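This report concerns only the one structure given below.
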Amino acid sequence: MELSGGEILIRCLKDEGVDYLFGYPGGAVLHIYDALYQQEDVNHILVRHEQAATHAADGYARATGKPGVVLVTSGPGATNAVTGIATAFMDSIPMVVITGQVPSANIGSDAFQEVDSVGITRPCVKHNFLVKDINKLAETVKKAFYVATTGRPGPVVIDVPKDITDPAIKIPYNYPDKVTMRSYQPTMKGHTGQIKRAIELLLTAKKPMIYTGGGVVLGNASDELRTFVRQLGYPVTTTLMGLGSFPASDPQFLGMLGMHGTYEANMAMHGCDVLIAIGARFDDRVTGKIAEFCPDAEIIHIDIDPSSISKTIVVDVPIVGDVATVLQEMNHLLKTSKKQPQKKAVEAWWQTINSWRAKNCMTYDHHSDKIKPQAAIELLHEITNGDAYVTSDVGQHQMWAAQYYGFEKPNRWINSGGLGTMGFGLPAAMGVQLAFPDETVVCVTGEGSIQMCIQELSTCLQYGLPIKIIALNNRYLGMVRQWQEFFYENRYSHSYMESLPDFVKLTESYGHVGMRVERPEDLKPMMEKAFAMKDRLVFMDIVTDQAENVYPMIMAGKAHNEMHMSPNCELPQSPERELS
Amino acid sequence: MRHIISILIENEAGALSRVAGLFSARGYNIESLTVAPTEDPSLSRMTIVTTGTERIVEQIIKQLNKLIDVVKLLELTDGPHIEREMMLIKVKASTMAQREDVKRLADIFRGNIIDVSPTIFTIELTGSGDKLDSFIDSLAEHKILETVRSGASGIARGDKCLHV
């Protein structure tokens, strides 16, 4: 069978099992789009902006665990995609992005719609390729999928000059079953000696703590984690990216840690004597002040990426390997071990933790005549039975969704944690809804973020995506406003938006249902009504309390035991050092 | 602390920029970098001289290893190794006295005069970076017109080899 380059590309995607391709056509990819037109296996989703194509593919990948695939044209098509590529890179999301390029002979001549896509994307991809020979096209695609999905996953860009896809040039098609690369062989199995050392250390712990991250979700290791945590009986916290990898309702779960983590999780981090980090990377939003991070703890770290280990925090027992594989081995060792956890000491530790928990750090004003954003999220949990796929944008609403939704399952909380990309939520929700047409998909957003990719309401109509948009509208860029209140003496420089659109009319003009909620008592009936419309996209413009802040909060550069608390909480609002 | 990292990297377009980009993006120091294909034309050998604390150099090595094009690497400064750098240096030598002195210094340092004009000597000198520095210092009385240094290349002593 002889195929042109364009046909080869699409055929490779089919053979790779790709069902959705998110893209936007343009000059350099016209041959590929022509090949796409003449087949039915790969479904193309036409977005309204290339950034949305990458976010949609990213959302699809986060929800399904399969790589998201994108096709964009050269020049502005590629540069528009960069934000989405960087977003996926920071959160280690498997993605393959095909960018068109000007014909090989024109590269470097400042041709129309030419940019150095390989150069521009280099710092924000796991790897990228420029295809120079049609005979290497299929192999390059195979390599791209292999690199994107194995080891620590990440986005891979394939830059394809237009002449490579010329329909006049056909070659025999042969998609390799597998590729090996001498320069890329990720370590899966952890070092057995180190694993044994880790178990021994864990069993000596008097004040243990388990800190897990997005690696548990990406590595599909939630079951193994559950077994591990239950066998040990130790407290567990997750990062923003790890939410759902351990059930939020489980009594051993202390909630999220870090800048907006719970009092009990952060205090337990500060006080622990043995910490095990699992698929987490000690991000600055998690660690706070490095010099005072877990001051008394010996630290074990499991990560598939050796460069994550001892990058910011030096650890005592590093284990490089796939989280699920390592946890399986650990669970087996624990099961067969003669030694037991330090029962009495751990019980006392739990008592301390429960006394922190009893301070109820997440409480908020339940009697306000304004809609409290926290209440909106709690209601969302109730109405969706805590079982929805929730995407978010970036800012206060993102933190409230993370704090108050209570994720029970992995892959259901989909947000841009590392890069913090506003505009991510709606297109990501499109990817999730396409992957799971029968599931409830919610985009929690703000009036600021939603306007960064609002044009995708049009895509949602074209493909009949019944996403529910929960916009917490406080007429402020809330997180910016919060920092300006705390650190800039209430000088709200450009964090206030005048001339907001009428979101109801806007949504209606895109062919969907819009609702505006202004009073707390209307929230529940309106939200019920919105979720009852199973086959319609509903935009809920919820007018919330402008002054609400996200608490608890560790100010940048402060330690875990220096949290600022909500005024509604019984703890002192400004941090008093509690030495545990 | 000065470290020499030796890398075997796929001889692909853009491989050098991946390494150079890594150093600039992460704010690592780079003192010199040399690269050329090996006896196997699909592989290039790169020598990077960098400075940093043990922790930083450990991160540099991990980050380099993470680059998909990097096949293997070795920190030469971990063990006994040989380091060489080549310099071409143009020195003004117009008077008889100058010509004799420059020739004498080149001989002491075991350099070769590889080009001569009525007023200029061009000298080729190979050795460690220190030796090249010393040679430049010793030419203090003379007018140096131009220097070209290759940056260090290195290889481990004895049985230790960096190969695929």
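What you see is a predicted model; the values in this text were computed from it and never measured. Just so it is clear, the values below take in all heavy atoms, side chains as well, and ignore hydrogens, waters and symmetry mates.
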Between [X] and chain B, which part of the residue has a heavy atom less than 4.5 Å away: side chain, backbone, both or neither?
| X | result |
| --- | --- |
| A:D305 | side chain |
| A:R122 | side chain |
| A:L130 | neither |

Taking [atom1] in [X] as the centre, count heavy atoms belonging to other residues, nucleotides or ligands within less than 6.0 Å. Is the count above 12?
| X | atom1 | value |
| --- | --- | --- |
| B:D137 | CG | yes |
| B:K131 | NZ | yes |
| B:K160 | NZ | no |
| B:I136 | CD1 | yes |
| A:K142 | NZ | yes |

Heavy-atom donor-acceptor pair, A:S183 side chain to B:I68 backbone, under 3.5 Å: yes
Any donor-acceptor pair under 3.5 Å from B:K62 side chain to A:K311 backbone: no
Chain A: which of [options] shares the most heavy-atom pairs with it under 4.5 Å?
| options | value |
| --- | --- |
| B:Q63, B:Q59, B:K72 | B:Q59 |
| B:A25, B:G14, B:G21, B:S42 | B:S42 |
| B:R18, B:K66, B:E58 | B:R18 |

Side chains of B:E10 and A:R182 in contact at under 4.5 Å (non-hydrogen atoms): yes
Most heavy-atom pairs under 4.5 angstrom with chain B, which of [options]?
| options | value |
| --- | --- |
| A:V147, A:I309, A:V118 | A:I309 |
| A:R152, A:H127, A:K126 | A:H127 |
| A:S307, A:G119, A:G151 | A:S307 |

Heavy-atom closest contact (B:R55 atom, A:T312 atom, distance): NH2-O, 3.2 Å
Heavy-atom contact with chain A under 4.5 Å, split by part of B:S24: neither
